[in-house]
Structure formats: C-alpha cells, structure tokens
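Shown next, in structure tokens, is the structure this report addresses.
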There are 2 protein chains.
Amino acid sequence: MKQRILYIEDELILGQLVKDALEKHGFEVLKVINGSDGLAMFKKYRPHLCLFDIMLPGKDGYTVAEQVRAIDVHVPIIFLTAKVQATDLVQGFKAGCNDYVRKPFHMEELLLRVENWLAVKYGIETPQQNNYIIGIFAFDPHKQLLSGKERQIRLSHKETELLNVLCNYKNTIVSRDYILQKVWGSDSVYNSRTLDVYINRIRKYFKDDSHINLITLKGIGYRFIC
Amino acid sequence: MKQRILYIEDELILGQLVKDALEKHGFEVLKVINGSDGLAMFKKYRPHLCLFDIMLPGKDGYTVAEQVRAIDVHVPIIFLTAKVQATDLVQGFKAGCNDYVRKPFHMEELLLRVENWLAVKYGIETPQQNNYIIGIFAFDPHKQLLSGKERQIRLSHKETELLNVLCNYKNTIVSRDYILQKVWGSDSVYNSRTLDVYINRIRKYFKDDSHINLITLKGIGYRFIC
DNA sequence: GTAAAGAAACCTTAAATAACGTTAATGAAA
DNA sequence: TTTCATTAACGTTATTTAAGGTTTCTTTAC
C-alpha cells in the first residue's frame, strides 16, 4: 500500500514540483492549498505524514499542525519555511515528531527527511512497548490479557486492538475516525454502533478504578486517562 | 537523571561552545575528538543521543555511526556537517533515527533538534496537569470536571474548552473571535449564537459564587473575574 | 450637550438535530 | 456449543439552531 502524504502549499509551481517528485518516489500525495482544506483532508484520509508550508493564506501551518496534533499525537509533521529565526523554529518543534526544511531546499533533502521520518515512525518496529500499566491493571496486548488485582481478564481480539490504541494515546485525544481506521480498517463500520459497544466494554473493565477514565469528546473522539 | 550526549568534534573552539551550551541546558556531555574514542565511549556510557561531526581525523562520522548502529539501532544520531551535497546526505540518513545540522548552525537549532529527538525516542513527557482554582471550585480540564464544595459537575467537551480559555485569560480581556478560534476553529459558527449559549451555561455554574463574574464587553469580548 | 430612535450585539429559553450509550439479539466462526 | 463480532432498537446527552427579548452603543434632531 502506498504511503499517503498530506501536502499543504499555496505556491502553485513549487507545489506541483514537489508533488511530482513525491509521486515519482511512490507516495500518494494529497495536495491542498489552504489550512482548512488540509485539516479536512487529514481527518478524512489519515495520511502517514504531513508536509505543511508555514506561510499560508488564512490559517498558517503552525495552527493547522496544532489542530492535527489534537487528533493524532504521533503523525510526523514537516514544515516548509522561509523563516530562519530560531524563535520561529521553537513553535515548529514544540510537539515532537516534527521537523522543518528551510526554503529554498534541495528536493533530495526533502525526500530524505520524508523517508527518514516514515522509517522512524512506521518502518523500524516501534519499540513495541509490549506491556502497559493501567492503574492497578497490567495489560499485555500480545497475550490479550488484562490482569487486575484479583482476577485476570482474557480480552478478545478487537477489545485488545482497541485498548492498545487507547494506550498508545493515553492522556491525549484520539479521534473516533482514527480508532476505526486502526482497529476496523476504514471503509466498513462507519455507520454502525460497533465501536460504541466496545468502548462500553472497556469502560466496564475499568469501572471499579475511579482513577481510570475514558472520556467522550463528542464529535471528536476519546481521551483515555490513566 | 541527566540525559547523556556523546559528542565527537575535532574543532576545539566550536567543540567547547557546543559543549557549554548543551550543559547549560542540563545535558551531560561526553566530548571526544576522534572516532575511535567515540566508539569506546559509546560502548561504555551508552548515551541517549549522539552528535557527530562528519569530517574527523581517521574514521569519519559516518563510519562511527555505522558501528554505533550495529550496537544500537534506536539511538538518535545527529550529524554536524559542512557538506551540502545531497549525495552525502543519503549516507547520513540511511539508518533512520538520524538527522543532520548544516554548519554553520544556530545553537538554538541544534538544541531544538536534540530535544526533539530525545522527545521522539524517549517519550514525550505526559502533558502537565493544568488545574485551576476558581473561587471555591476546582477545575480539571483534563478530566472535564468542575468540583464545587458539595457537588461535582461533569462538563462537556465544549464547556471544558471554553472554560479553559477563560481561565487562561482570567482577569483580563479575551475576545470573542479568539474564543471562537480556539474552541470552534474559525471556519464555522461565526454567525451563530452557539457561543452565547455556552457562555450562559458557564455563568449558571458559577452563579452562586458572587466573587466569580463573567463580564461582557460588548463588541470586544469577555472578562472572567475570579 | 441631550433625548429619542435605530441598530448592533448579546442573552435566554426551548426545540431540533446529531452523536454517542446501552442492552439484547443475531449470526458467524472456531 | 461456545465465543466473538456485529447489528438492531431504543435511550441518553451534547451541540446547534431558532426565536424573541434585553442591553448597549451610535446616530441624529433639537
């Protein structure tokens, strides 16, 4: 499967050049020319990497990045910038998983950084933190086990997958769409209540521990506090 | 515990400058002036991050990096280089988890990239719990809870976001437009009364405490006094 | 300057819509 | 035949929209 890159750029000629180069390298490029469209595309297509020009009409690249981060804390974001002041860079680096490339840039450098981040995030097996501590529970996604103080719960596959995603995004926001993508694989399930049923089960498992909370952010997603 | 950085640099003056800057930022810096010593230090001290000059007497930075990678596939390696040819960069990026900074560089940029990689690899520290005291209430935006003397109110997401903005700007002025941007995200809602409805709710929550006031500045915004 | 009229801007309540929760039943797979 | 995943049906809550009222600011005539 091709890796998707969301590219926001308002300069037409540069935009086409970069898009062509990325596509030549086997990426699927979603190119838009403003921040609002970019955010909408992100929500819809969940790209593997974001490439944002900073100077944009309307919302600037940083603002879009913040809103993307609210949905996904892990996706790499690379900024394209003419700015050189270090103070500006702070903003770009703030959320981690970010990088920037200074304009004018060599296409090769951009491609290398793109590939580098994709390798870091998706290539080299993520340091499979195989066990999670959730309050007084221990969660082993591999064995599909949730071990409490007394009892030990054998989770089903979907329960495990869901809890795994929640743990990956614990204490921050994870969107409904992202969960559906990760656990059920985009196309299906989108108009059913399946996810809710599983959310309900996860909540039941943790209902005795008041420190663990799975909060609904209506229209956005969930926050798993633990 | 301080995070350790292994730094290989043969230029004495630059080396000292960078070392000082890193130490000033709270890092423990292991500085050596050639590749062989660098590799030995790596094995012995297992630093959290490597900072390698490329042009070195004897073994160059790339070679050291390859040998380090053979020992540890995950440790971030940042190259300092005067080279600008893209072909050279390929080598630097090959192993993933690598970055490079072009000489001459701003110290701020270097520090930002160092911190960025440490964050990516060793965990983005959990978002600090920003709790607010509002009169006799305690407000926890993370848990979406407003705790009064007797009762505890579970706030909705939008209520939480709004109150959060108000708290950030307590006792000063915050404009309507800013709130709409932060909570609803510019594009929508601008001609609706949604915000007013939520302002109304916030007021109701605090109506018993006469010390807390949410004042309207018509045409400007609000002032949250508490 | 001041009062009245007009226009914005905001408040309040209720109703409508959308999004999510819950339980049980169904169907598929092991 | 037991477990798991999905669907159905209905319940609940959050958010937005609608509609009419109130307040504040501005304009204009005196």
Side-chain angles (χ1 to χ4, degrees), chain A residues 43-44 71 141 143-146 152-166 173-207 212-224, chain B residues 141 143-146 151-166 173-207 212-224:
Chain A
K43 285 179 184 162
K44 197 165 176 193
I71 301 167
K143 290 182 179 167
Q144 306 199 165
L145 270 177
L146 183 63
Q152 206 175 40
I153 306 161
R154 291 179 41 185
L155 299 177
S156 82
H157 181 240
K158 293 287 181 198
E159 288 172 341
T160 306
E161 295 273 291
L162 173 56
L163 187 53
N164 199 31
V165 172
L166 292 175
I173 297 169
V174 56
S175 76
R176 245 184 108 89
D177 284 356
Y178 182 79
I179 295 173
L180 287 168
Q181 273 255 9
K182 275 279 180 190
V183 181
W184 281 272
S186 67
D187 327 294
S188 63
V189 197
Y190 263 68
N191 279 336
S192 89
R193 302 252 63 78
T194 307
L195 171 54
D196 306 83
V197 172
Y198 277 87
I199 288 284
N200 188 16
R201 293 205 194 139
I202 298 292
R203 282 190 174 131
K204 275 179 182 160
Y205 291 143
F206 294 113
K207 74 173 188 303
I212 301 169
N213 262 299
L214 183 46
I215 292 175
T216 304
L217 312 176
K218 202 169 264 204
I220 297 173
Y222 296 92
R223 178 189 283 135
F224 188 45
Chain B
K143 289 186 177 168
Q144 306 198 159
L145 271 177
L146 183 63
R151 68 209 176 114
Q152 207 176 38
I153 306 163
R154 291 177 41 179
L155 300 177
S156 83
H157 180 236
K158 294 284 182 205
E159 289 171 343
T160 306
E161 294 275 290
L162 172 56
L163 186 53
N164 199 32
V165 172
L166 293 175
I173 298 168
V174 56
S175 76
R176 246 184 108 89
D177 282 356
Y178 181 81
I179 295 173
L180 286 168
Q181 268 263 6
K182 275 283 177 188
V183 180
W184 280 272
S186 65
D187 325 298
S188 60
V189 197
Y190 262 68
N191 280 336
S192 90
R193 301 252 63 80
T194 307
L195 171 54
D196 306 83
V197 173
Y198 277 85
I199 288 284
N200 186 20
R201 290 205 195 140
I202 298 292
R203 282 189 174 131
K204 275 179 182 161
Y205 291 141
F206 295 113
K207 73 175 188 303
I212 302 168
N213 263 299
L214 182 46
I215 293 173
T216 304
L217 308 173
K218 199 167 267 205
I220 298 171
Y222 296 92
R223 179 186 283 135
F224 188 44

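Every chain is numbered from 1, with letters handed out A, B, ... down the list of sequences. Just so we're clear, the structure is a prediction, and the values are computed from it rather than from any experiment.
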| note | side chain to side chain contact (heavy atoms under 4.5 Å, CB included) filter on B/Asn200, not counting sequence neighbours, yields B/Lys204
| Spacing between B/Leu217 atom CG and C/dA9 atom C1', to the nearest angstrom | 12 Å
| task | Starting at atom CG of B/Leu195, determine the distance to atom P of C/dT12, rounded to an integer number of angstrom. | result | 13 Å
| side-chain N/O B/Lys204 vs C/dC11 OP1/OP2, d < 4.0 Å | no
| What's the closest nucleotide to the A/Tyr222 side chain, out of C/dT13, D/dA14, C/dG21? | C/dG21
| message | Of the listed nucleotides (C/dC11, C/dC20, C/dA8), which one gets closest to any side-chain atom of A/Arg176? | response | C/dC20
| query | Counting N and O atoms only, with roles assigned by atom type, does the side chain of A/Gln144 sit under 3.5 Å from a partner on the main chain of A/Leu155, one being a donor and the other an acceptor? | reply | yes
| said: Tell me whether A/Lys158 contacts the main-chain N or O of A/Val183 through its side chain, where contact means a donor paired with an acceptor under 3.5 Å. | reply: yes
| field | Nucleotide nearest B/Val197 when distance is taken to its side chain, options C/dT13, C/dG21, D/dT6 | value | C/dT13
| remark: Side-chain atoms of A/Lys158 come closest, of C/dC20, D/dA5, C/dT23, to D/dA5
| remark: Picking from D/dT6, C/dC11, C/dG21, the nucleotide nearest the side-chain atoms of B/Thr216 would be C/dC11
| remark: Per atom distances to the B/Asp196 side chain, the nearest of D/dT16, C/dC20, C/dT12 is C/dT12
| Is A/Asn200 near enough to C/dG21 that one of its side-chain N or O atoms lies under 4.0 angstrom from OP1 or OP2? | no
| request: Could you state the atom-to-atom distance from NZ of A/Lys218 to C1' of C/dG21 in whole Å? | output: 9 Å
| field | d(CD1, A/Ile215; P, D/dA14) in whole Å | value | 12 Å
| task | Round to a whole Å and report the spacing from NZ of A/Lys207 to C1' of C/dT22. | result | 14 Å
| Partner residues of A/Leu214 under the side chain to side chain contact (heavy atoms under 4.5 Å, CB included) criterion, sequence neighbours left out | A/Leu166, A/Ile199, A/Ile202, A/Arg203, A/Tyr222, A/Phe224
| field | Out of D/dT23, C/dT23, D/dT17, whichever nucleotide has its closest atom nearest the side chain of B/Ser192 | value | D/dT17
| message | For a 4.5 angstrom cut-off between non-hydrogen side-chain atoms, does A/Leu145 reach A/Arg154? | response | yes
| task | Return the value, rounded to whole Å, for the distance between atom CD of A/Glu159 and atom P of D/dT6. | result | 12 Å
| With respect to the side chain of B/Arg193, which nucleotide from D/dT24, C/dG21, C/dT12 is positioned closest? | C/dT12
| message | In the structure I gave you, are the side-chain heavy atoms of B/Arg201 and B/Val197 within less than 4.5 Å of one another anywhere? | response | yes
| Is any side-chain heavy atom of A/Thr194 closer than 4.5 Å to a side-chain heavy atom of A/Leu180? | no
| request: Compute the bend angle of the helix from C/dG1-D/dC30 to C/dA30-D/dT1 from the end axes (five pairs per end), rounded to 10°. | output: 30°
| remark: When rounded to whole Å, the CZ to C1' distance for the pair B/Arg154 and D/dT12 reads 12 Å
| remark: Separation of D/dC4 atom P from A/Leu163 atom CG, nearest Å, is 15 Å
| task | Check whether any side-chain nitrogen or oxygen of A/Trp184 sits under 4.0 Å from OP1 or OP2 of D/dA5, and answer yes or no. | result | no
| query | Would you say the side chain of A/Leu146 lies within less than 4.5 Å of the side chain of A/Phe206, judging by non-hydrogen atoms? | reply | yes
